[in-house]
Amino acid sequence: MDVSFLGGPEPQRGVGIVAPFDFALDRELWRWVPDDVSLHLTRTPFVPVEVSLDLARLVSEHQTLRDAVQALTAVAPEVVAYACTSGSFVGGRTGEGAMAAAMAAAGETPALTTSGALLDALGEMGVRRLALVTPYTKSVTDALEEYLGEAGIEVTGRSYLGLTREIWRVPYKDVTSMARAATAAGEPDALFISCTNLPTYDVIPQLEAELRMPVLSANQVTVWGALRRIGKMAVGPYQALLDPVARRGPAALSQTPPFPEPPPAPAPAAPPEVALAGSALPGAEAELSDPLSDPGFPDDHPPGQPPL
């Protein structure tokens, strides 16, 4: 059968992705990608180390990144992204810039990292106060907060799980619980859900509607940043980063109210301020640990896991 009349396939734009060896969410990345763009993924070599600052440093060594980018050059991507949050913030802003530069030189193509794309996204949306959700241990979460502090971003609250393996198995209900805890105090401008191995695609619209603030995630900003470099837009349902209308909320869809607004009612007398037991006080840090963890267990080694 002659199918030459079809004339296809349609031309594809290429985006190269360098991911850590344990990255398990290839399909989630694809969900932000328009039909005329292909993702080309490669992974860093395996190392027998659990998620930690040590692993973040190992998977982001410049030679490791150069080798991965050079492997991608065979399919000629127009841009290359390093899809790893901890690996790209572990060296601070200077380290992140050096990683992107090493990748760009190796592939002779534009390059970016997840942490660099995060700062671009925060700048795009005018965010200066940020709540954090991470699956990491305390030490890795601290390093993310330090990286953001270098960029002038204030962390208003944070929740973390203390995990060192199989982060891709965390269910959405745990992500939403952490998000509520992290944003309970401090009046953040937005929420960031860290780690490219933490599933977030479906939960972003729900959290934006509930929390009434933009919600960013590691995979979302990575794909958004890479596509923006080649003049393309990421796709996704009602996500403030991808849709300027969503940044202003549902009220922005109507330029004028359907009915005249009634005069404001007199303000009721303010009740006395009461701090409930266990409630988050203004400025306090909201942190969530693994519910199965022993509170006295070291931060970087949750129970039920063998020592390295």
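Numbers for residues simply follow the sequence, beginning at 1. Hydrogens, waters and symmetry mates play no part in the numbers below; they use all other heavy atoms, side chains included.
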Inset, instruction - Give the cluster check for Ile230 versus Met233: same hydrophobic cluster or not, with ILVMFWY residues linked at side-chain heavy-atom distances below 4.5 Å. - result: no
Inset, instruction - Please answer whether the main-chain N or O of Val215 pairs with a side-chain N or O of Glu208 as donor and acceptor at a distance below 3.5 Å. - result: yes
Inset, instruction - Give a yes or no on whether the backbone of Val51 and the side-chain of Thr164 come within a donor-acceptor separation of less than 3.5 Å. - result: no
Legend entry - Arg169 and Glu166 ion-paired at < 4.0 Å: yes
Inset, instruction - Please check if atom CD in Glu108 has more than 12 non-hydrogen atoms from other residues, nucleotides or ligands closer than 6.0 Å. - result: no
Inset, instruction - May I ask whether Leu58 and Phe89 are part of the same hydrophobic cluster, defined by side-chain heavy atoms of I, L, V, M, F, W, Y residues being less than 4.5 angstrom apart, directly or through others? - result: yes
Legend entry - Heavy-atom closest contact (Val133 atom, Ala182 atom, distance): CG2-CB, 4.2 Å
Legend entry - Salt bridge present between Arg93 and Glu150 (N-O < 4.0 angstrom): no
Legend entry - Closest heavy-atom pair and its distance - Pro199, Val175: O-CG2, 4.1 Å
Inset, instruction - Would you please test Leu41 and Leu29 for side chain to side chain contact (heavy atoms under 4.5 Å, CB included) and show each step? - result: CA-CA 10 Å; Leu41 274 80; Leu29 289 181; 4.3 Å; yes
Legend entry - NZ/NE/NH1/NH2 to OD/OE distance under 4.0 Å, Glu78 and Arg229: no
Inset, instruction - Using a 4.5 Å cut-off on heavy atoms from C-beta on, say whether the side chain of Leu132 contacts that of Leu130. - result: yes
Legend entry - Check: Thr85 main-chain N/O paired with Ser115 side-chain donor or acceptor under 3.5 Å: yes
Inset, instruction - Search all heavy atoms of Ala190 against all heavy atoms of Val127 and return the closest pair with its distance. - result: CB-CG2, 3.8 Å
Inset, instruction - Apply side-chain hydrogen bond (donor to acceptor under 3.5 Å, both in side chains) to Asp243 and Tyr238, showing your working. - result: CA-CA 7 Å; Asp243 182 358; Tyr238 199 81; over 6 Å; no
Legend entry - Leu144 and Ser86: CA distance, side-chain angles, deciding distance, side chain to side chain contact (heavy atoms under 4.5 Å, CB included) verdict: CA-CA 7 Å; Leu144 172 56; Ser86 60; over 6 Å; no
Inset, instruction - Quick one: closest heavy-atom pair of Thr114 and Ala83, and the distance? - result: OG1-CA, 3.4 Å
Inset, instruction - Give a yes or no on whether a salt bridge exists between Arg43 and Asp22, defined as a side-chain N under 4.0 angstrom from a carboxylate O. - result: no
Legend entry - Salt-bridge criterion met for Lys138 and Glu145 (N-O under 4.0 Å): no
Legend entry - CH2-OG distance between Trp30 and Ser38, expressed to the nearest 0.5 angstrom: 4.5 Å
Inset, instruction - Would you indicate whether the side-chain heavy atoms of Arg180 and Glu210 approach each other to under 4.5 Å? - result: yes
Inset, instruction - State, to 0.1 Å, how close Val221 and Ala117 come at their nearest heavy-atom pair, and which atoms those are. - result: O-CB, 3.3 Å
Inset, instruction - For Ser60 and Tyr82, test the side chains for any donor-to-acceptor distance below 3.5 angstrom and give the result as yes or no. - result: no
Legend entry - Test log, rule side chain to side chain contact (heavy atoms under 4.5 Å, CB included), inputs Leu198 and Trp168: CA-CA 5 Å; Leu198 185 65; Trp168 66 88; over 6 Å; no
Inset, instruction - Might you work through the side chain to side chain contact (heavy atoms under 4.5 Å, CB included) test for Phe46 and Val59, ending with a clear yes or no? - result: CA-CA 9 Å; Phe46 171 79; Val59 297; over 6 Å; no
Legend entry - Side chain Asn197, main chain Ile167, donor-acceptor under 3.5 Å: no
Legend entry - Path from Tyr172 to Val170 over hydrophobic side-chain contacts below 4.5 Å: yes
Inset, instruction - Run through Gln12, Arg13, Lys232 and flag the one making a side-chain hydrogen bond (donor to acceptor under 3.5 Å, both in side chains) with Asp36. - result: Lys232
Inset, instruction - Would you check if Phe23 and Asn219 make a side-chain contact, meaning some heavy-atom pair closer than 4.5 Å? - result: yes
Inset, instruction - Check whether more than 12 heavy atoms from other residues, nucleotides or ligands sit under 6.0 Å from atom CD of Gln70, and answer yes or no. - result: yes
Inset, instruction - State whether a side-chain donor-acceptor pair under 3.5 Å links Glu96 with Ser88. - result: no
Inset, instruction - Keeping the roles fixed (side chain from Asp189, backbone from Arg128), state whether a donor-acceptor pair exists under 3.5 Å. - result: yes
Legend entry - Heavy-atom side-chain contact between Met125 and Leu122 under 4.5 Å: no
Legend entry - Met103 and Leu112, any side-chain heavy atoms less than 4.5 Å apart: no
Inset, instruction - Please report the closest heavy-atom contact between Thr176 and Gln206, naming both atoms and the distance. - result: CG2-NE2, 3.7 Å
Legend entry - Backbone N/O of Leu161 and side chain of Tyr136: donor-acceptor pair under 3.5 Å: no
Legend entry - Joint cluster assignment, Leu53 & Leu55, ILVMFWY side-chain distance < 4.5 Å: yes
Legend entry - Arg31 side, atom CZ; Asp26 side, atom CG - distance, nearest 0.5 Å: 13.5 Å
Inset, instruction - Answer with yes or no whether the side chains of Thr134 and Thr141 bring together a donor and an acceptor at under 3.5 Å. - result: yes
Inset, instruction - Mind checking the CG-CD1 spacing from Leu207 to Ile193? Nearest 0.5 Å is all I need. - result: 5.5 Å
Legend entry - Plane angle bin for Tyr201 and Trp32 - parallel if under 30°, tilted between 30 and 60°, otherwise perpendicular: perpendicular
Inset, instruction - State, yes or no, whether a side-chain contact exists between Leu119 and Leu148 at a heavy-atom distance under 4.5 Å. - result: yes
Inset, instruction - May I ask you to decide if Ile153's main-chain N or O and Arg129's side chain share a donor-acceptor pair within less than 3.5 Å? - result: no
Legend entry - Donor-acceptor side-chain pairing of Gln63 and Asp67 below 3.5 angstrom: yes
Inset, instruction - Check the hydrophobic clustering (I, L, V, M, F, W, Y; side-chain heavy atoms under 4.5 Å; chains of links allowed) and say if Val79 and Val75 are grouped together. - result: no
Inset, instruction - Could you tell me the separation between the CD1 atom of Ile204 and the CG atom of Leu216, rounded to the nearest 0.5 Å? - result: 7.5 Å
Legend entry - N/O donor-acceptor pair under 3.5 Å between Thr222 side chain and Gln220 backbone: no
Inset, instruction - State, with a plain yes or no, whether a side-chain heavy atom of Val223 is found less than 4.5 Å away from one of Val33. - result: yes
